[in-house]
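Atoms within each ligand, like the ligands themselves, are counted from 1 in listed order.
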Amino acid sequence: MAADGGRAPMKAHKLWGGRFGAAPTAAFDALNNSIGVDFRLWPYDIRLSKAWAMALWGANVLTLDESKLLERGLDAVAARLDSGELPLASDEDVHTLIDRLLHEETGDVASKLHTGRSRNDQVATATRLWTMDACQHLDSALRGLEQVMIDQATTIETALMPSYTHMQRAIPVFGAHWLLSHFWPLERDRARLKATHRSAAVLPLGSGAVAGCAYPISRVLLQGTLGFDAMSTNSIDAVSDRDFIAELLFAATMIGTHLSRLAEDLIIYGSSEFGFVQFGEGYTSGSSMMPQKRNPDALELARGSAARMLGDLVSLLATLKGLPTSYNKDLQDDKRTLFDATDTLLLVLPAVAGALAECTFRKERMKAALSSTMMATDLADYLVRKGVTFRDAHGAVGRLVRESEASGVEMQLLPFSSFTAAHALFSDDVSDALSPEQSVMQREVEGATGPVAVGAQLDAARIALLPPPTPRSGNAVV
Ligand code: ARG
């Protein structure tokens, strides 16, 4: 390559350049042009540009005719892009592209649209509008998965299975209780997305490059027209505030993490060793070598993609941390992370929902995995109900577990004499305390695995998915 990086032809449509004697190098353009990433912002840039044309009329910068001409021109540009017109390699970014097409549509009046605004407040506005929509799309994809969880939880509402801590058998639970343990994290994720939407819904337009707009445009009108909840209060902050992207990336990373844990459970439970779950055929793949394989690829890809979303979050935070005040070009890369994490989740969420929907739960295998030592806590509680301290009861049951392990005899098959030797207060009703059915029945506090508590939990999950009530009309007589 030439030492000067190679000069691009002068003819590219540019939003700047007057003070430059020569065109940028091709090497600089290759680095600087962001059209490959930000092209998808075009519907939002059109929207805000139409609102800006109106605002300029309101500020007496444009005549009504000029403003209308620009609005119609922007509609024509939108129609061209909508029907598949692609950018030129020489378009620096989406704002330059729309400006070029608008010149083609309206002629010279297009040169007036950029009065009082900068790409700094423009890109911040378009990215916020995009993010507000993304929050909504992610929310409905999450709801789709949550609905599948509820449907599947209903099929295993009272199927007994082991719960685990440290991946060691712990205490029997109902299948629904286990599956819904993956539902509530997604509810928290939805709350985070709602908060992210609120952070994004603050209008930066009118902040100019950094110091605000010198024309008396109505920001109130811009806010209302574009559907923002509020407007920024400091123009320096407004052009560089990317907190809303960091928030979306954190929410995305948490969603990814939650999906990863669900995927991990299903993958383990789907192994031949566990056999609690039988995978379907729509979201799995075979092996090119081993004819017997049905691999849970969708779940593995979900688990893997959580790592990339974490990378996106770390990448943005590292960028923000090093920046001096206001807009700096480093911020151009914010969209790579935002789009990557959102696109990834919008692929992963329906796939996980589909993979879960086609799982068959094998209740007999789930129940067969229960062992009587899992009722050790219930056995200790049995003694506590007879007046023994929990510490003594724990010790007595521990001795029984040791005997069961040493002799290789399941606890409920040990001779009654072993029980009385472990503690004198064991009597013949002890076999009840060794039943997994009894074990779950006793756990009826809120949030526990008892049948009533799990029924209430399922109801709460169904209620969480009901559409929000539509606001009552202000004129309604109550
Ligand atoms: N493409 C730029 C971005 O995405 C637009 C803002 C450019 N601002 C500037 N002063 N060069 O951040």
Side-chain angles (χ1 to χ4, degrees), residues 8 12-20 23-49 52 77 81 86-102 113-134 200 202-214 226 232 234-246 248-249 312 315-343:
H13 181 92
K14 285 226 160 292
L15 296 180
W16 50 273
R19 60 105 63 232
F20 287 81
T25 58
F28 174 71
D29 275 349
L31 169 67
N32 183 50
N33 289 4
S34 58
I35 188 69
V37 175
D38 59 29
F39 176 62
R40 57 159 73 184
L41 287 180
W42 72 258
Y44 304 93
D45 201 68
I46 295 273
R47 226 161 93 197
L48 72 87
S49 293
W52 188 248
V77 171
L81 293 171
L86 292 173
L88 303 175
S90 57
D91 290 320
E92 183 181 327
D93 55 21
V94 65
H95 321 293
T96 313
L97 161 72
I98 290 175
D99 193 79
R100 176 173 64 78
L101 297 180
L102 187 61
L113 182 61
H114 213 57
T115 314
R117 75 173 182 180
S118 154
R119 281 180 296 166
N120 295 357
D121 59 351
Q122 211 177 328
V123 76
T125 306
T127 308
R128 281 172 182 270
L129 289 170
W130 190 94
T131 304
M132 286 152 71
D133 277 357
V202 179
L203 172 85
L205 200 60
S207 300
V210 58
C213 178
L226 293 171
S232 57
N234 180 308
S235 61
I236 306 175
D237 177 38
V239 293
S240 63
D241 171 11
R242 298 294 186 272
D243 295 6
F244 67 101
I245 303 185
L248 184 125
L249 293 176
D312 287 330
S315 158
L316 181 79
L317 289 177
T319 303
L320 297 182
K321 181 208 164 293
L323 290 186
T325 182
S326 182
Y327 181 84
N328 296 269
K329 200 55 174 278
D330 320 39
L331 289 174
Q332 178 161 280
D333 274 349
D334 58 357
K335 289 171 285 301
R336 287 181 196 275
T337 58
L338 173 66
F339 296 160
D340 178 57
T342 309
D343 290 346

- Item | Neighbour list for ligand 1 [protein residues, heavy atom under 4.0 Å] | S34, D38, D93, R119, N120, V123, Y327, K329, Q332, K335
- Does a donor on one side chain sit under 3.5 Å from an acceptor on the other, for E92 and W16? yes
- Closest approach of R40 and D343, non-hydrogen atoms and distance? NH2-OD2, 2.7 Å
- Task: Decide salt bridge (charged side-chain N to carboxylate O under 4.0 Å, His left out) for D334 and R242; before the verdict, give the C-alpha distance in whole Å, the side-chain angles of both, and the deciding distance to 0.1 Å.
- Result: CA-CA 8 Å; D334 58 357; R242 298 294 186 272; 2.6 Å; yes
- By salt bridge (charged side-chain N to carboxylate O under 4.0 Å, His left out), D333 pairs with (sequence neighbours left out) R336
- Contacts of type ring pair (Phe, Tyr, Trp, His ring centres under 6.0 Å), residue Y327, not counting sequence neighbours: none
- Query: Can you name the side-chain contact (heavy atoms from CB on, under 4.5 Å) partners of S315, sequence neighbours left out?
  - Reply: T337
